[in-house]
Amino acid sequence: MREPVGPVRWATFAVIVVVAVVRGAYTLTAQVEPLTGDTGAQFHLAKLTAEGAVPLVDFQHGWNAGSWWVNSLVYRLAGGDPLWWGFLLGRFFAVTSSAVLVAAMGLRRRLHPAAMATMALAVLTIASPAQVKYVLPVVFAFLLLPGGRLDTARWAPVVRVLVPAALFWQHVELAILLTGAAGLYELVGRESAPVRERLTRCIALGAGILAGLVSEVLFYRIGYGMSLGELNRQVILGQTQQFPNHFGWPFFDVPSDGVGYLIVAVYPFLLLLMFVPVIWRLTSDPTRFLALCALLLATVPIRRPGPGHTETVSALVFAAVIFVLCDVYDRRDQVSWPTRPAMAGWQVVTAIVGFAAGAAWVGAALVLGFGAHSLVGPVILVLVVGVMMVGTRLRARLVAVSVGACLVLGAVPLASAVERVDDLSRDSRQTEAADARADLIRPEMTRCLQGGRSVFVMSNDLYMYDALDVENPTPFYLFHYDFGRNEKQLTAMMEGGEVPVVLQMAAMAEGGWVETALKRSYAPCAEVWVAKEHRRFRIWVHRSLEPFEKRAVTIRPDGTRAPGRLVTP
């Protein structure tokens with residue numbers, strides 16, 4: 001008899017629901033700019049659909065045929081308000097729903113309350129689906145998760161037809177990927193069931209995709225006269241040709257922001273870790289199902305690498321990882337480690353071969369699966385993982401294979417971490433940038449100072465005082481938003497000659513009071529044009545120090561200096 005859910009798990013689930021909803025509301029920002037880009041298009045098309053337009057026919061926008069009716073429903077619920085629409089589409093029906101659903105999966109599996117909370121927290125803070133369509137994989141996994149009534153009841157085959165068919169209407173790509181994952185689970189992951197039963201389930205899944213296609217073709221053909229070729233162009237294969245594909249995983253070109261780095265660097269590690277032989281042998285059927293759904297969804301971020309697509313399909317990865325940890329803990333007694341003090345020569349050789357095989361497996365998955373610059377990459381990834389899953393049935397040397405796989409796999413986030421720290425270090429060397437600019441300006445600054453050291457740097461580049469070894473003759477430094485309150489005092493100092501030299505680091509607003517004071521009391525002594533940065537530095541000298549030489553210098557990209565033309569303001 002299965003363990004009852006119990007009041008603690010139900011209470012944990014209730015808290016997760018409240019926290020997810022509250023977090024969704026409090027992390028939503030106001031719409032302060034016009035709705036533009038993809039978000040604006042979705043809002044406008046939701047409005048048209050709500051007013052009676054028919055997707056694919058009235059506004060010729062495909063790919064997610066049925067989802068436009070869902071979008072129009074969200075628009076109606078929001079009363080046409082863009083803020084409420086954004087909350088419902090991108091927060092409540094995406095991030096919040098995903099967190100609640102993964103927690104509900106844990107509830108069905110009777111996971112520890114801490115594991116349930118961890119899954120939900122990972123979805124809320126890291127794996128944040130961009131909008132409602134990316135909650136569909138979580139809904140698919142929740143409905144078809146092995147072990148529940150939908151999986152064991154007599155009408156389970158009907159469910160396996162209806163779920164892919166409904167998903168096909170909502171998102172063709174996700175429907176094909178997730179149905180393929182469910183079929184792969186039946187063929188390779190679900191080892192205990194009879195072959196006939198597994199084949200029957202696969203046929204039902206395929207029939208679901210076919211039912212979705214046929215029903216959509218008939219709907220648009222009978223209702224609106226759309227041909228199969230036109231529907232294919234707008235919904236099925238044609239859409240894949242209209243969007244740019246950027247294959248190739250950026251293992252060593254990760255984003256500088258923390259969450260982006262975490263996703264891009266750790267995502268392949270977590271995904272493949274679940275298929276390491278020793279771990280895979282310890283996983284339960286529900287865990288294997290989630291892992292395979294996550295594996296097939298990897299096509300989305302591999303096709304368009306980056307945090308935006310990786311984060312939005314990572315909910316099942318984090319859920320599967322927690323399931324794996326719980327399975328490994330529950331079945332830890334099944335792990336048998338070699339205990340012999342000595343090994344025969346042939347055993348050593350087979351262990352080395354196993355180690356190399358594990359390393360080669362992960363290397364192929366990373367280099368060919370994630371790194372290939374075409375759709376062949378995700379196909380190779382699935383094939384490589386499929387071979388490993390079948391190979392785990394041969395129990396010999398699983399430990400050696402797993403050790404080799406884990407060593408190579410662990411190098412991915414570690415190497416990416418080193419690369420990221422190096423990138424951040426290089427990008428943050430502001431003192432070196434200041435010294436480089438000071439070297440460009442110093443010759444002309446020395447000439448214009450005529451032995452003095454008093455310079456007013458007219459921008460917020462305060463590091464130039466130290467880099468040029470000069471002093472600020474005024475009590476003012478920052479050009480903040482209310483710097484105008486200092487106009488009277490600074491103008492008097494400038495007109496009285498207390499500020500002998502001014503270094504202008506950036507262009508000033510036309511007709512501003514600072515520009516007026518400069519033109520009235522100063523003359524340009526030198527201009528330095530840095531061609532590589534497309535930046536101009538101007539050195540002003542008080543007219544009381546005239547006469548002085550006025551000249552311009554151009555710094556070529558190769559670092560050489562050449563005479564330039566002095567631009568009189």
Side-chain angles (χ1 to χ4, degrees), residues 430-569:
Q430 296 297 329
T431 56
E432 293 182 10
D435 291 340
R437 287 177 177 171
D439 290 340
L440 301 177
I441 300 170
R442 186 174 288 108
E444 296 304 314
M445 179 63 74
T446 301
R447 179 180 63 81
C448 294
L449 280 171
Q450 302 177 24
R453 293 186 62 233
S454 295
V455 178
F456 182 45
V457 178
M458 196 160 278
S459 73
N460 289 338
D461 301 320
L462 303 185
Y463 56 78
M464 291 303 293
Y465 285 110
D466 294 329
L468 290 170
D469 191 24
V470 293
E471 296 177 349
N472 183 0
T474 79
F476 311 114
Y477 284 89
L478 299 179
F479 281 76
H480 43 83
Y481 62 93
D482 62 343
F483 191 69
R485 65 181 180 177
N486 307 120
E487 175 182 357
K488 186 175 181 181
Q489 185 177 353
L490 182 58
T491 300
M493 294 182 68
M494 293 172 69
E495 291 179 349
E498 298 178 52
V499 183
V501 177
V502 175
L503 172 60
Q504 182 186 349
M505 297 282 290
M508 292 176 292
E510 186 70 25
W513 66 269
V514 177
E515 183 184 38
T516 300
L518 278 175
K519 289 182 178 179
R520 182 167 56 238
S521 304
Y522 293 79
C525 173
E527 281 186 352
V528 179
W529 170 254
V530 182
K532 187 176 181 179
E533 298 183 18
H534 297 283
R535 189 166 182 177
R536 189 184 306 278
F537 302 92
R538 183 176 287 131
I539 302 172
W540 301 79
V541 175
H542 199 269
R543 295 186 186 277
S544 63
L545 300 177
E546 289 183 316
F548 46 79
E549 181 184 0
K550 303 174 183 179
R551 67 187 186 192
V553 176
T554 296
I555 310 297
R556 299 190 181 108
D558 60 2
T560 59
R561 295 172 176 265
R565 184 175 65 87
L566 187 66
V567 179
T568 304

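Predicted model, so just to flag it, every value in this text is computed and none were measured. In this chain, residues are counted from 1 in sequence order.
The side-chain contact (heavy atoms from CB on, under 4.5 Å) test applied to Pro547 returns no partner, not counting sequence neighbours. For Ala492, the side-chain contact (heavy atoms from CB on, under 4.5 Å) criterion is met by no residue, not counting sequence neighbours. Under the side chain to side chain donor-acceptor pair (under 3.5 Å) criterion, Thr474 pairs with Asn472, sequence neighbours left out. Annotation: salt bridge (Lys or Arg N to Asp or Glu O under 4.0 Å) contacts of Lys550 (sequence neighbours excluded): Glu546. Shown here are the salt bridge (Lys or Arg N to Asp or Glu O under 4.0 Å) partners of Glu487, two or more places apart in sequence or in another chain: there are none. Shown here are the ring pair (Phe, Tyr, Trp, His ring centres under 6.0 Å) partners of Phe537, two or more places apart in sequence or in another chain: there are none. The side-chain contact (heavy atoms from CB on, under 4.5 Å) test applied to Gln450 returns Phe548, not counting sequence neighbours. For Glu495, the side chain to side chain donor-acceptor pair (under 3.5 Å) test picks out Arg520, with sequence neighbours left out.
The heavy-atom pair separating Val457 from Tyr465 by the smallest distance is N-OH, 2.9 Å. In terms of heavy-atom proximity, Val541 sits nearest to Cys525 at CG2-CB, 3.4 Å. Nearest heavy-atom pair, Met493 versus Pro475, reported as atom, atom and distance to 0.1 Å: SD-CD, 4.1 Å. The heavy-atom pair separating Cys448 from Val501 by the smallest distance is O-CG2, 4.2 Å. Between Leu449 and Ser454, the shortest heavy-atom contact is CD2-O, 3.7 Å. The minimum heavy-atom distance between Gln504 and Trp540, with the atom names listed, is OE1-NE1, 2.9 Å.
Inter-residue side-chain proximity for Leu468 and Val455 is flagged as unmet; no heavy-atom pair is nearer than 4.5 Å. Arg535 has its side chain out of reach of Trp529: every pair of non-hydrogen atoms, C-beta onward, lies at least 4.5 Å apart. In this structure, Arg543 and Ser521 have side chains that are not in contact, with every pair of non-hydrogen atoms separated by 4.5 Å or more. Considering only heavy atoms from C-beta on, Pro473 stays 4.5 Å or farther from Glu498 through its side chain.
Listed by first then second residue, pairs satisfying salt bridge (Lys or Arg N to Asp or Glu O under 4.0 Å) with a partner in residues 443-459 read Glu444-Arg447, Glu444-Arg551, Arg453-Asp469, Arg453-Glu471, not counting sequence neighbours. Listed by first and then second residue, the salt bridge (Lys or Arg N to Asp or Glu O under 4.0 Å) pairs that reach into residues 553-562 come to none, sequence neighbours excluded.
Atoms OG1 and CZ, on Thr554 and Arg536 in that order, are 8.0 Å from each other to the nearest 0.5 Å. Note that the CD1 atom of Ile539 and the OH atom of Tyr522 stand 14.0 Å from one another [nearest 0.5 Å]. For the atom pair Thr446 OG1 and Ile441 CD1, the distance stands at 11.0 Å (nearest 0.5 Å). Rounding to the nearest 0.5 Å gives a distance of 9.5 Å between CG of Asn486 and OG1 of Thr491. Of the inter-residue distances, the one linking Met464 atom CE with Leu503 atom CG reads 6.0 Å to the nearest 0.5 angstrom.
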